Amino acid sequence: MIAEILVWSILVAQILLVLAMGCAVYRMLKGPRAQDRVLGLDTLYVNATMLLLTFGIRTASILYFEAALIIALLGFVSTAALAKFLMRGEVIE
Amino acid sequence: MTHLAEVPAWVALLTALFLLIGAGLTLIGSFGLLRFDTFYARIHAPTLGSTLGVGFVLIASMLFFTVLESRLVIHEVLITALMIVTTPITLMLLGRAALYRDRTEGNDDVPPSQATVVKPDVVIPEATGDQPPPA
Amino acid sequence: MRRWMPFPVLTATLLAVWLILNESVTPGGVLLGGVLSVIAVRMLLALDPPKGRIRRVQVAVKLAFLVLADIIRSNRAVATIILRPDSGKRTAGFVLIPLDMRSPYGLAALACIITATPGTIWVEYDSVKHTILLHILDLVEEEVWIDTIKGRYEKRLMEVFE
């Protein structure tokens, strides 16, 4: 019984996170300006990190943690580079 | 999913509760991206997910794995620390980039630049570290 | 000692990160992590980071809990604003705040605190006039926000870093 509650909660949490990723993707595709798209990308990777962690709990596998860490790292670097690019037109000054 | 039945009831319930709160806050935050009308209002929305949203999901993960494996599993702390440090940086950079772009395009709804014209005889002290003494 | 470990706290933090990632504390792991941390900090010196130290740990810990409470409170506030049907009537806007703090680490910490709290974001710092420009989602009275930032965070951060 309790295990079923946990299974369903994980499922609901994953659906909520996927909906959140949908909102971020909409903002990324729709714009209207470049900074809105970057903001969407930023939100998307944060949500993806969380989705991977819920998959980790669902399968009791530590492996998902590593993927979540790498997405968090790469997402930060890419958003920072894109924001820098928007400001000056160059990534490295 | 037999392993889900292996944890005690209170851990399962707490994990479920934290996951739902975290995912719900994240969804509300991302929904704000659709709802607000200007970029500067939208930039506030994702902070919900990247502060408490991530926080709750990570607490759930830490609690679950610590009990399941009967040892302290705290490597989620790394993701927490990473998020705390990186989210403000990306948002600040993005805000500055947006402000800069709006100013160069001459939009009226952003405040003008505060940068003063530096007179030639004023020397701006640079942030110098302690120079090593000449050998 | 100082020569080999110019930033002892940073070195210790890097070692802790290494050990947490490995999920084990063995003599070999500590040795390898220690050597790597010392090398990494030496490489950081090439960037010439400004000097600074945490002077009052107690105030810093209290500030951390204060910030956590504020983050929880503003999470609720911003969630209400997003879900409220008439959220178009908000009064979002920019605020210019003069600062007395000069320590670069204090300013960095203040920037992180302000931006991590939902509803406020740090947009610009003017290093000549020492003012910061914030964007605030629910801007009712400018004076209240200036008092909050200066009295609540800046005073404590100056105690910690200056």
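Not measured: the values here are computed from a predicted model. Below, chain A is the first sequence line, B the second, and so on; all start at residue 1.
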Looking only at heavy atoms, the pair that brings A:Ser61 and B:Phe65 closest together is O-CZ, 4.0 Å

With the side chain counted from C-beta on, respond yes when B:Val54 and A:Thr49 share a heavy-atom pair under 4.5 Å apart, and no when they do not.
no

So, the part of B:Phe39 with a heavy atom under 4.5 Å from chain A: the answer is both

Looking only at heavy atoms, the pair that brings A:Ile57 and B:Ser61 closest together is CD1-CA, 3.7 Å

Heavy-atom closest pair (B:Gly49 atom, A:Met50 atom, distance to 0.1 Å) is O-CE, 3.7 Å

Tightest non-hydrogen contact, residues B:Ala23 and A:Ala13, listed as CB-O, 3.6 Å

Practice item. Let me see the working for A:Met28 and B:Leu33 under side chain to side chain contact (heavy atoms under 4.5 Å, CB included), right down to the final yes or no. Key: CA-CA 10 Å; A:Met28 217 169 113; B:Leu33 279 182; over 6 Å; no

d(B:Ile79 CD1, A:Ile71 CD1) to nearest 0.5 Å is 9.5 Å

Practice task
Go through the steps to decide whether A:Phe65 and B:His75 satisfy the test side chain to side chain contact (heavy atoms under 4.5 Å, CB included), and finish with yes or no.
Solution key: CA-CA 9 Å; A:Phe65 164 80; B:His75 57 193; 3.6 Å; yes

In this structure, CG of A:Asp36 is separated from OG1 of B:Thr38 (nearest 0.5 Å) by 9.0 Å

Greatest number of non-hydrogen atom pairs under 4.5 angstrom with chain B, of A:Ile15, A:Asp42, A:Ile5, falls to A:Asp42

Test item: A:Ser9 and B:Leu19 side chains (from C-beta on) under 4.5 Å apart, heavy atoms
no

*If you draw a 6.0 Å radius around CZ in B:Arg42, do more than 12 non-hydrogen atoms from other residues or ligands fall strictly inside?*
yes

If one checks every heavy atom of A:Leu73 against chain B at 4.5 Å, the contacting part turns out to be both

OH (B:Tyr100) and CG (A:Leu86) are apart, to the nearest 0.5 Å, by 11.5 Å

Bottom line for B:Leu99: the part with an atom under 4.5 Å from chain A's heavy atoms is neither

Checked B:Leu34, B:Leu93, B:Ile89, B:Val57 vs chain A; the most non-hydrogen pairs under 4.5 Å come from B:Leu34

Rounding to 0.5 Å, atoms CE (A:Met87) and CG (B:Leu94) come to a distance of 9.5 Å

Closest non-hydrogen atoms of B:Ala97 and A:Ala83, given as atom of the first, atom of the second and distance, are CB-O, 3.5 Å

Bottom line for A:Phe76: the part with an atom under 4.5 Å from chain B's heavy atoms is both

Bottom line for B:Met92: the part with an atom under 4.5 Å from chain A's heavy atoms is neither

* **A:Asn47 vs B:Ser30 side-chain heavy atoms within contact, under 4.5 Å** => yes

If one checks every heavy atom of A:Thr59 against chain B at 4.5 Å, the contacting part turns out to be backbone

So, the part of A:Ser78 with a heavy atom under 4.5 Å from chain B: the answer is neither

Whatever's closer than 4.5 Å to a heavy atom in chain A on B:Leu82 counts as side chain

Going through the distances and angles, do B:Thr26 and A:Leu16 end up as a side chain to side chain contact (heavy atoms under 4.5 Å, CB included)?
CA-CA 8 Å; B:Thr26 311; A:Leu16 293 181; over 6 Å; no

Okay, B:Leu68 and chain A: the region with an atom under 4.5 Å from a heavy atom over there is side chain

